[in-house]
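Naming: A, B, ... by sequence-line order, numbering from 1 per chain.
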Amino acid sequence: MNQNSKKKLTEVFASIKTEADKRFKEIKGDDDQNILIGMATCGLASGAIEVKAAFEEAIAERKINAHIMPVGCLGHCYAEPLVLIEKPGFPPILYHNVTPGKARLLVKAFLEEGDPVFEHILGSMEENDIIPSVMEFQRFNQEKRIVMANSGLIDPEDIYHYIAKGGYSALVKALTLEPEKIINEIQESGLRGRGGAGFLTGKKWQLTRDVNEKDKFVICNADEGDPGAYMDRTLLESNPHQIIEGMAINAYAIGAEKAITYIRAEYPLAVKVTKKAIEQAKEIGLLGKGILGTDFNLDIVIFQGSGAFVCGEETALIQSIQGERGMPQPRPPYPSQRGLFGKPTIINNVKTFGSIPPILKKGAQWFRGVGTEKSPGTAIFSVVGNIVHAGLVEIPMGISLRSLIFDICGGIPEQKKFKAVQIGGPSGGCLPEHFLDTPIDFDSLTLAGAMMGSGGIVVMDEDTCMVDVARYFLDFTQKESCGKCTFCRIGTKHLLDILERIITGKGKEGDIELLERLSIDIKEGSLCGLGKTAPNPVLTTIRYFRDEYEAHIREKRCPAMMCRALTAYYIDLDRCARGCDACVGSCPTEAIFTTRDRKKGIDQTLCVKCGECMTSCPVEYDAVIKVSPPELAPKIERPEEG
Amino acid sequence: MIKLIVDNNEIEVEEGMTVLQACLDNEIYIPNLCYLKEMDNPPGSCRLCLVEIDGYNQPITSCTVKVEEGMVVRSNTEHIRKLQRTAFELLLSVHHVDCKNCPANRKCELQRIAKFLHFGLKLKRLEPLDREIKVEGDHPFLEYVPNRCVLCGRCVFVCKKKNGQAMLSFAKKGFDTVISFFGEDNSARVSCEECYACAEICPVGALLVKNSKRSAHQRLAKNNNSQRPRPSGRGLKKGNNSLAASIPTLPGGALKGGGK
Amino acid sequence: MNDTAEDEEDAMLKDITSMLTYFEKHRGNLIPILQSIQEKHQYLSPLALQMVARHLKVSSCDVYGVATFYNQFRFHPPGEHQIKACLGTACHVRGGDIILENFERKLDIKAGETTPDREFSIDRVACVGCCALAPVAIVDDTVYGHMAPSKVEGLILGFEIEKEREKRKKQSNESK
């Protein structure tokens, strides 16, 4: 690029930036009061709409001058709806689990009267001497936000917010550089694909750039299908522009003019927000023809995935965009050489694209300074299951599982014991306690038998049955198998059937060995990554929790008392209070009857073992008892009618 | 010409050929079901033709790898045979074995592969799997037997190749995958009566010519002898050819029971 | 088939015909076309599939093969209220299958079915990404977190009461 066009480019962007700063200042000036409400899917599901309405009403009623700003997700799902209030004279304060009632209280007490209502505060976002800062929590302290830096702090539906926070400057920088230079920078950063396999991103780009073809494609893979993983959705809902910027840089670097964001149709909000973001970027000349006055053109369109997990696999994803059944194709050829419509195609994960702008802005060396040598940068996980502070975290690679689970996410609720952590979704594995000190990076996790995957982490406590967990994942992969290849189509069905018979007490000697042998062959023989990794949950649970399998098969007992065919509830007549009817009302199948002396019994033939009676039995009696095997439950006969 | 070594024997084949084809041409049998010589991009779905090739860290389907000079291929190691037997065993577990009443008896690929792998047609360690399948889309001339089908896809390929558009396709997914004749009105199917390429190519007798005790093979042999000309165009056949009559029922989600 | 059903079908066909004109005859448009038809008409009828096939100049069974591959597509009209029980990992660990079972038992249908009065249909979904609220159920477009069997009863009762109320309102309006 010559000096003249460079100058023009910077000028064009400077005027956009000025406009953005102006608009941002209008609402975020020094005297402005702002109410930021987390309104990504988690927030909405927890009642953010009602909270927003309550704030609006209260402000209008009290004639208070404050801006209400819907923002994306901060990642603290356990605390949703989450509200951040900025008031002059105070640090920005985070309020958790806000209800409409709390909202009205905050408007009156805090905005009107200046009392920050300590009892509802999660923490302040800045160091100060009035309110404890969130940085005192491990959760905030140990996180390192690169991709999620602006998530939950800006309005995702306003491009100027992102620009005011420094957005799109990486694209401007990129456009002044030779494409080779950009690819070099990405290669040097050591960034590895965040979709799971961890292939070097820069290398992939280079391969595609080297193909001599006019038409090339860039695809952002947001077909996030792992049950329990939702970071891609959150990123798109919270800050879509960072992803778009990353895609644009990628397209420029490899010489593509068309890009596709492939989003699951089950994510309507992410689709809506991304669509709007693309339109806005086009409107002010950051996408479309002649971007920022240069001769670089880029169109981004959205393709909605139709609910096939296998389409997260890149060759299947391509098939579905082409209007075919989403079945994986043998590789080679790799999409980087022959992809969508036969053209060279880059397919990267949302998080990978999100890492690109910061790398370009701050340099490869800076990025290498975060994380570990072989896995630089950060990892975003959704930590769910039996965990106190469920939600999204972005941490530097290399932190141990123990500190992620116990320090950052608050450990296991109700003082239960940790049993296992499942990493990497249906393709990953379950790791027991003695792996807790494993550092989180691509290679260490693979070595332990799990994998990084897309970043879903499910924490399980002592009440979780590991055989059932394996069955759960196999049930998922078996249903989501595309049916193309023999090993996956039929093999996973056999694995599932064997697991089903084990958890229903029909397991046979030799089943464990059969599971192992079949699993090994399926791993080796399957066509695509889905089949090749589908047996991982079975293999790891057998490896680390073999005794649980043996208990199911030999003693027909579920040690965690989770498998319903192998457990029973009964009511301890010595503890049951005469005349109390709490359990009767809670039972959905009318399995609970009254004995002659007005105590309660459970009709085992009607009981569906949902556990509602146990929950409803008043703590002072605590009379409902769960046992495994079911034969341990004493028989109590239902008295004859009349 | 390209030289490669398969199971310690040097063979010479044309460039651009798949390893599988090279072996088959040189009388080295590698079990296969979904592969046809005419395919540009073999699906690699039956997973029977796995071999070991130096330079690949895992067994790979020989139908998806092109021959290269000096390539070293092993098709008969214990490890490869183990994988092939498992793949075969899996296919067998969904195949309704009743050879004596099957029109494909003695021509069946599964019988051939069983013999080759020294694998009986009885399941030992796996339970047979029942697939509950309702076949949708009635076809006037063809019958589909899902519990014999190994989903190799040869029929879909030959139909597309011969007729430009496939008149049958894979439908549903995963374990429930079937071959479906959905939707064409019968006028379009007139040509089927003169074709039967799908039934002819079926390796296991899952696609049959309707109303005929003879297998497609026999029928085709007869057709070939008489060299009947194909009718020009897709003339409407008398009778049941209205659009409505040809609309098949669809799967899943049906209303439960009658009015309650 | 009665007259209104036929009228409905006619109207749907007309509408699909006009929708199709917005899409280029390009195979890559197949899934977007199916999606927009379903979005508007709730399901894909056999005739709709054939129309799409004709528009794109591919065979109907090809379109059928693609449509039946994807979980998103329905081939029968769904119930008035669509219940989706999430069976993602987090929901499973917290008893999502028990929630599903309660819906099934309460409505006397299985997942994937519609009640005979077409009021409710139940589906299982893999993960809706609200794992911190597990177990989760979605009814129509509302996400209900921290579900329990007793909440299932309440939810359905709520809809039934609502329907009853509307019926009465309608009756009283008519009698006026």
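- Taking each heavy atom of B/Q165 and C/K57 in turn, the nearest pair found is NE2-O, 2.8 Å.
- Across every non-hydrogen atom of B/K172 and C/F69, the tightest pair is O-CD1, 4.1 Å.
- The number of heavy-atom neighbours closer than 6.0 Å to CD of C/E39, taken from other residues, nucleotides and ligands shown, is 12 or below.
- When the shell of 6.0 Å around NZ of B/K37 is examined, it contains 12 or fewer heavy atoms from other residues, nucleotides or ligands.
- Within a 6.0 Å radius of CD in C/E24, other residues, nucleotides and ligands contribute 12 heavy atoms or fewer.
- Rounded to the nearest 0.5 Å, atoms OG (C/S59) and NZ (B/K160) are 7.0 Å apart.
- Residue B/F170 holds its CZ atom at 11.5 Å from OG1 of C/T68, rounded to the nearest 0.5 Å.
- Heavy atoms from other residues, nucleotides or ligands lying under 6.0 Å from CG of B/N101 number more than 12.
- One distance of note links OH of C/Y64 with OG of B/S169; it measures 8.5 Å at 0.5 Å rounding.
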